[in-house]
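To start, the structure under review is shown below, and the notes come after it.
Reminder, nothing fancy here: chain letters follow the sequence lines and each chain counts from 1.
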Protein chains: 2
Amino acid sequence: MSEQSVMDEATYLQQYDPKQFDSPLVTVDAALFTYHDGVLKVLLVERASHPELGKWGLPGGFIDVHRVADLTQAINGVIEDKTGITAPYLEQLASYGNNQRDKRGWSVTVSYTALMAYQACEVRIATVADAQWVDVEQLPEMTLAFDHMTIIEAGRERLKQKALYSIVPAYALAEEFTFPELQHLHELLIGKPLQKRSFRRRIEQANLLEDTGKFRKDAGRPAILYRLAADAEQYRFVRNLED
Amino acid sequence: MSEQSVMDEATYLQQYDPKQFDSPLVTVDAALFTYHDGVLKVLLVERASHPELGKWGLPGGFIDVHRVADLTQAINGVIEDKTGITAPYLEQLASYGNNQRDKRGWSVTVSYTALMAYQACEVRIATVADAQWVDVEQLPEMTLAFDHMTIIEAGRERLKQKALYSIVPAYALAEEFTFPELQHLHELLIGKPLQKRSFRRRIEQANLLEDTGKFRKDAGRPAILYRLAADAEQYRFVRNLED
DNA sequence: TCAATATAGTGTCTTTATGTCACTAATATA
DNA sequence: TATATTAGTGACATAAAGACACTATATTGA
């Protein structure tokens, strides 16, 4: 029998040394998407320190165990630091952990997918010199830090699925938006054109949008401006759009 | 300018001390489900060490950075240790991290949902005295270690969704199984009876099962035994069953 | 002013997939 | 050999998406 088995919990905890075993490094990273100028964009930051200094990557950082109480606080801090606001949509994506992805050693990152309106953080991004919205179509030509390309691809895939059975992508738009805008964003995510009749019908039947009474005027007939209804984030259509 | 900004990466890495900052503890945990005697069961183990000694919880453990190369190896090691086999279905569920869940301090667990046949590990479980299949209906009366109850609930919810649009739950059955067995498992997960006509039709139309030519005989008409087709795990129905 | 163009939005029929339920099929048992 | 029991099918109803032509409302420029 070991000493430990006869020790009580209080004594065990008092004697516990968290550094007695080597532990992985732990970070959080955000794949933050928006929609602007007709394209899907992801927020990247230029790394100002080693390793992979100078490369672009996702906003993220180590868990500071003295400053945050949980993972959600940590990721919100990262996002607020770069954009100035809290993301209206935030969802945990996946965790990636191995002894290769970070040259400093065994590391785990807990990644998140987030969405926000371009306008909501436009000023801040312009002033934060190291942060930049990048058109996702330009990513193939870039070399990102760590496994951040993989995380972005996983985030896009998740958003594609959501575009098939929900209107979650609407969180990448301004608070007031039109059906054609939302549909185009879904088309970008899904990768094929959608039938506007089907797209509108299901959303209207489920009452997911509120009419603002306002219109967006461009070329052609003005489009009605809507905002998200209260429970729109949770709603899931029983049937997917064609993939 | 700091010293670091003029250092090259090799020098930085050489001087890097992973213990210079406090880091969370990192574990993996498996919510491993099976189907036996007409009920859904989850594998629990009795904790043999502090903290929460004596309580039951999910199979899991710390990442041993010297023995495993990635998270998948770590979770597979945990599952193989308790069951003797590799789980035929394994999917990352979510990560939970805060400074409350483990009394030893800030900790992160990367949780997984896994499925296996009861028969595949029956002998091993019987001999591993500290591991036990527990009917999920009995869980409300138990107090589990850490936040493991939350993880199990999240795993069940994930499986419920999968039951609505896939036949992934089939991995909780023996290699050869009948339609009535699979349907009953789906009914347990979804929490309501299903139309056998709808249930069979969609699976047959998608060619997700192979007829073994054998039958399971009980009371009444014998049922045809099937096995999963090669691509059954990936398949998603375009429409969900009624919830 | 008014035709041309462009984009938004609707009417309506078709297609696809699930829901419902009665019916037939194959076994064990009394 | 009738009955009970469970497996599996036929056939029509219903729900929701696909298709696509049509109407509506704006701008623009002869």
Side-chain angles (χ1 to χ4, degrees), chain A residues 37-38 160-167 170 173 176-187 190-227 235-243, chain B residues 37-38 161-167 170 173 176-187 190-226 235-243:
Chain A
D37 284 344
K160 173 182 174 179
Q161 294 309 317
K162 296 216 181 273
L164 293 172
Y165 63 71
S166 81
I167 59 165
L173 303 178
E176 300 186 346
F177 57 88
T178 67
F179 264 111
E181 283 168 2
L182 181 59
Q183 181 175 340
H184 185 240
L185 170 54
H186 278 240
E187 288 171 340
I190 296 170
K192 63 166 257 189
L194 299 173
Q195 295 281 345
K196 62 180 171 181
R197 198 69 179 92
S198 307
F199 189 77
R200 295 184 71 107
R201 184 174 39 205
R202 63 199 323 234
I203 293 171
E204 283 172 349
Q205 279 182 2
N207 269 296
L208 301 185
L209 300 184
E210 288 171 5
D211 190 333
T212 65
K214 294 187 261 180
F215 292 86
R216 161 119 53 237
K217 300 189 182 188
D218 260 314
R221 173 173 171 176
I224 301 169
L225 281 164
Y226 296 88
R227 73 173 73 83
Y235 192 85
R236 301 293 177 260
F237 298 103
V238 296
R239 183 167 165 182
N240 284 9
L241 295 175
E242 275 181 1
D243 193 358
Chain B
D37 284 344
Q161 295 308 318
K162 296 217 180 271
L164 292 172
Y165 61 71
S166 80
I167 60 165
L173 304 178
E176 300 186 347
F177 57 88
T178 67
F179 263 111
E181 282 167 3
L182 181 59
Q183 181 175 340
H184 184 240
L185 170 54
H186 278 241
E187 287 170 340
I190 296 170
K192 63 165 257 189
L194 299 172
Q195 295 282 346
K196 63 180 172 182
R197 198 71 182 89
S198 307
F199 189 77
R200 294 184 72 107
R201 184 175 38 206
R202 64 200 319 234
I203 293 171
E204 282 172 350
Q205 278 181 3
N207 268 297
L208 301 184
L209 300 184
E210 288 171 5
D211 190 332
T212 65
K214 293 187 262 180
F215 293 86
R216 161 120 51 239
K217 299 189 182 187
D218 259 313
R221 175 173 170 175
I224 301 168
L225 280 164
Y226 296 88
Y235 192 86
R236 301 292 176 262
F237 298 103
V238 296
R239 183 168 166 184
N240 284 8
L241 294 176
E242 275 181 1
D243 193 358

**Study point:** A:I203 CD1 to C:dG9 P, straight-line distance once rounded to whole Å
**Key:** 12 Å
Exercise for review: Write down the atom of B:A223, the atom of B:T178, and the distance for their closest heavy-atom approach.
Suggested key: CB-CG2, 3.6 Å
**Study point:** Side-chain touch B:N240/A:R236, heavy atoms, less than 4.5 angstrom
**Key:** no
Point to revise | Check: B:R201 side chain, C:dG19 base, donor-acceptor under 3.5 Å | key: yes
Name each donor-acceptor pair under 3.5 Å that joins a side chain in residues 207-216 of chain B to protein atoms two or more places apart or in another chain, with its distance.
| unit_1 | atom_1 | unit_2 | atom_2 | d |
| --- | --- | --- | --- | --- |
| B:E210 | OE1 | B:R227 | NH1 | 3.3 |
| B:D211 | OD1 | B:G213 | N | 2.6 |
| B:T212 | OG1 | B:K214 | N | 3.1 |
| B:T212 | OG1 | B:L225 | O | 2.7 |
| B:K214 | NZ | B:E176 | OE1 | 3.0 |
| B:K214 | NZ | B:E176 | OE2 | 3.2 |
| B:R216 | NE | B:E181 | OE2 | 2.7 |
| B:R216 | NH2 | B:E181 | OE1 | 3.3 |
| B:R216 | NH2 | B:E181 | OE2 | 2.8 |

Check your understanding: For B:I190 and C:dT18, what is the distance between atoms CD1 and P respectively, to the nearest whole Å?
Key -> 12 Å
Practice item. Measure the distance from CD on A:Q195 to C1' on C:dT14 and round it to the nearest whole Å. Key: 12 Å
Practice item. Would you kindly give the CZ-to-P distance between B:F199 and C:dT20, to the nearest whole Å? Key: 16 Å
Using the 3.5 Å cut-off, write out each protein N or O paired with an N or O of nucleotides 7-10 of chain D and the distance between them.
| unit_1 | atom_1 | unit_2 | atom_2 | d |
| --- | --- | --- | --- | --- |
| D:dA7 | O4' | B:R221 | O | 3.4 |
| D:dA7 | O3' | B:P222 | O | 3.4 |
| D:dA7 | N3 | B:R221 | NH1 | 3.0 |
| D:dG8 | OP1 | B:I224 | N | 2.7 |
| D:dG8 | OP2 | B:R200 | NH1 | 2.7 |
| D:dG8 | O5' | B:R200 | NH1 | 3.2 |
| D:dG8 | N7 | B:K196 | NZ | 2.6 |
| D:dG8 | O6 | B:K196 | NZ | 2.9 |
| D:dG10 | N7 | B:R197 | NE | 2.9 |
| D:dG10 | N7 | B:R197 | NH2 | 3.1 |
| D:dG10 | O6 | B:R197 | NE | 2.8 |

Check your understanding: Which whole-number value in Å describes the distance from A:L241 CG to D:dG18 C1'?
Key -> 10 Å
Exercise for review: State, with a plain yes or no, whether a side-chain heavy atom of B:I203 is found less than 4.5 Å away from one of B:F237.
Suggested key: yes
Check your understanding: Are any non-hydrogen side-chain atoms of A:E187 and A:F199 less than 4.5 angstrom apart?
Key -> no
Practice item. Nearest whole angstrom, please: distance from the P of C:dT20 to the NZ of B:K192. Key: 7 Å
Revision key, fill the gap. Separation of C:dT15 atom P from A:N240 atom CG, nearest Å, is 22 Å
Check your understanding: If you take all heavy atoms of B:K192 and B:D243, which pair is closest and at what distance?
Key -> CD-C, 3.9 Å
Check your understanding: With sugar-phosphate meaning primed atoms plus P, OP1 and OP2, does A:Q205 contact a base, only sugar-phosphate, or nothing at under 4.0 Å between heavy atoms?
Key -> nothing
Exercise for review: Nearest whole angstrom, please: distance from the P of C:dT16 to the CZ of B:F237.
Suggested key: 17 Å
